[in-house]
> 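Got a structure for you, written out below as structure tokens; questions coming shortly.
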There are 4 protein chains.
Amino acid sequence: MTETVAADHLRQLIERIERLEEEKAALAADIREVYAEAKGHGFDSKTMRQVIKIRKMEPSDRQEQDAMLTLYLEALGIPVNDN
Amino acid sequence: MTETVAADHLRQLIERIERLEEEKAALAADIREVYAEAKGHGFDSKTMRQVIKIRKMEPSDRQEQDAMLTLYLEALGIPVNDN
Amino acid sequence: MTETVAADHLRQLIERIERLEEEKAALAADIREVYAEAKGHGFDSKTMRQVIKIRKMEPSDRQEQDAMLTLYLEALGIPVNDN
Amino acid sequence: MTETVAADHLRQLIERIERLEEEKAALAADIREVYAEAKGHGFDSKTMRQVIKIRKMEPSDRQEQDAMLTLYLEALGIPVNDN
DNA sequence: AACGCATAAGTAAGAC
DNA sequence: GTCTTACTTATGCGTT
């Protein structure tokens with residue numbers, strides 16, 4: 001029947017998604033583990049996350065962002081760290 | 001030097017996380033694709049997500065949840081669907 | 001100077017947003033408090049949130065959603081609670 | 001009856017939350033508006049958000065954060081902008 | 001064990 | 001109109 005075909009298709013799609021979600025959850029767990037290990041060695045997770053975010057950005061984009069932020073901060077008289 | 005050792009360790013941790021994040025992002029993309037395919041066949045993504053959430057729950061937990069929701073809705077005079 | 005004008009404008013916009021954000025944060029705190037009070041009286045927060053979500057929906061939309069979910073669950077052979 | 005008392009109490013709590021949520025949503029809309037206005041005057045929303053986040057932090061916390069980030073970036077050989 | 005935090009999912013708005 | 005991006009909510013995790 002048509003209903004059965006549709007039901008079977010739905011089931012297949014759902015099961016594919018569930019499998020992928022499981023793998024994704026496993027990776028998330030792995031990532032948490034690495035952060036835990038890093039913490040155990042004295043590294044700061046939050047800073048590591050910032051680093052990772054920065055490494056993901058194109059250098060030019062990052063530069064632009066930084067420049068505009070500096071501009072805005074100076075306009076407001078907020079001291080900008082000369083890192 | 002100590003700094004070098006720490007730096008190397010940090011780099012290794014960061015790179016491990018980045019690899020895992022990449023794989024995770026790839027899976028997320030795969031999942032999106034399956035939903036898109038499902039949509040193309042006339043299935044509703046939102047409902048599919050609900051189904052997946054329900055399948056993930058323990059039946060007893062789901063039952064409890066449903067019962068409490070019904071209780072609250074009835075207390076407020078909101079008609080409850082007798083599905 | 002032009003820069004000053006722009007800087008002043010920027011400052012005004014930023015400060016307006018900050019004021020609004022503060023009020024918003026205060027309301028969020030109030031909401032958390034009400035949930036805490038409710039919990040203290042034996043009510044379940046999660047269920048309350050579901051109720052609030054349902055009350056926000058148009059009855060017809062809610063009906064449709066429910067109907068489609070039931071359809072999908074039945075297609076997969078998952079028993080549907082006759083609430 | 002006890003049920004009635006509980007039901008009335010529940011209703012009151014729910015309605016209080018709904019009122020607070022409404023006000024919160026209104027503020028969120030106001031904030032969006034200010035950003036839209038800012039954008040209309042040539043300001044960049046994303047950068048403004050960063051500025052607001054920085055202004056919310058304690059200067060000492062911000063300093064610490066920046067210092068640690070610089071440390072990590074240098075350890076990885078990533079050039080740090082001398083803002 | 002509960003609390004707050006932080007990530008992740010879902011939703012809604014805005015840009016192209 | 002789609003598509004991404006940002007906000008909001010929710011869940012789960014680590015912490016106390």
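Per chain, numbering begins at 1; letters A, B, ... match sequence-line order.
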> Starting at CD1 of I17(D) and ending at C1' of dA10(F), how long is that distance when rounded to a whole Å?
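Nearest whole value for this atom pair: 15 Å.
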> In residues 24-37 of chain D, which residues come under 4.0 Å of DNA chain F by heavy atom?
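By residue number: K24(D), A28(D).
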> Measure the NZ-CD1 distance between K24(A) and I17(A) for me, rounded to the nearest 0.5 Å.
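Between atom NZ of K24(A) and atom CD1 of I17(A) there are 11.5 Å.
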> Sequence neighbours left out, what passes salt bridge (Lys or Arg N to Asp or Glu O under 4.0 Å) with E37(B)? Give chain and number order.
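Salt bridge (Lys or Arg N to Asp or Glu O under 4.0 Å) list for E37(B), sorted by chain: R16(A).
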> Rounded off to whole Å, could you give me the CD-to-C1' distance for the E21(D) and dA12(E) pair?
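Whole-Å distance recorded here is 16 Å.
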> May I have all residue pairs that pass ring-ring contact (aromatic ring centres under 6.0 Å, His included) and include part of residues 57-76 of chain B, sequence neighbours excluded?
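Passing the test, one end in residues 57-76 of chain B: no pairs.
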> Rounded to whole Å, how long is the line connecting atom CD of E22(D) with atom P of dT8(F)?
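Result: 16 Å.
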> Can you tell me how far the NE2 atom of H41(C) sits from the CG atom of L13(D), to the nearest 0.5 Å?
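Answer for the NE2-CG pair, H41(C) versus L13(D), is 7.5 Å.
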> Going by the rule salt bridge (Lys or Arg N to Asp or Glu O under 4.0 Å), which residues pair with E64(C) if we only count those two or more places apart in sequence or in a different chain?
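E64(C) satisfies salt bridge (Lys or Arg N to Asp or Glu O under 4.0 Å) with no residue once adjacent residues are dropped.
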> Who passes ring pair (Phe, Tyr, Trp, His ring centres under 6.0 Å) against F43(C), sequence neighbours left out?
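Scan of F43(C) (ring pair (Phe, Tyr, Trp, His ring centres under 6.0 Å), adjacent residues dropped) gives H9(D).
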> Just verifying a value: how many Å separate I31(D) CD1 and R19(C) CZ, rounded to the nearest 0.5 Å?
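Those atoms lie 11.5 Å apart.
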> What is the distance from atom CD1 of I54(C) to atom CD of Q65(C), rounded to the nearest 0.5 Å?
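I54(C) CD1 to Q65(C) CD: 11.0 Å, rounded to 0.5 Å.
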> Can you list, by residue number, the residues of residues 40-60 of chain B that have a non-hydrogen atom closer than 4.0 angstrom to DNA chain E?
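Output list: K46(B), R49(B).
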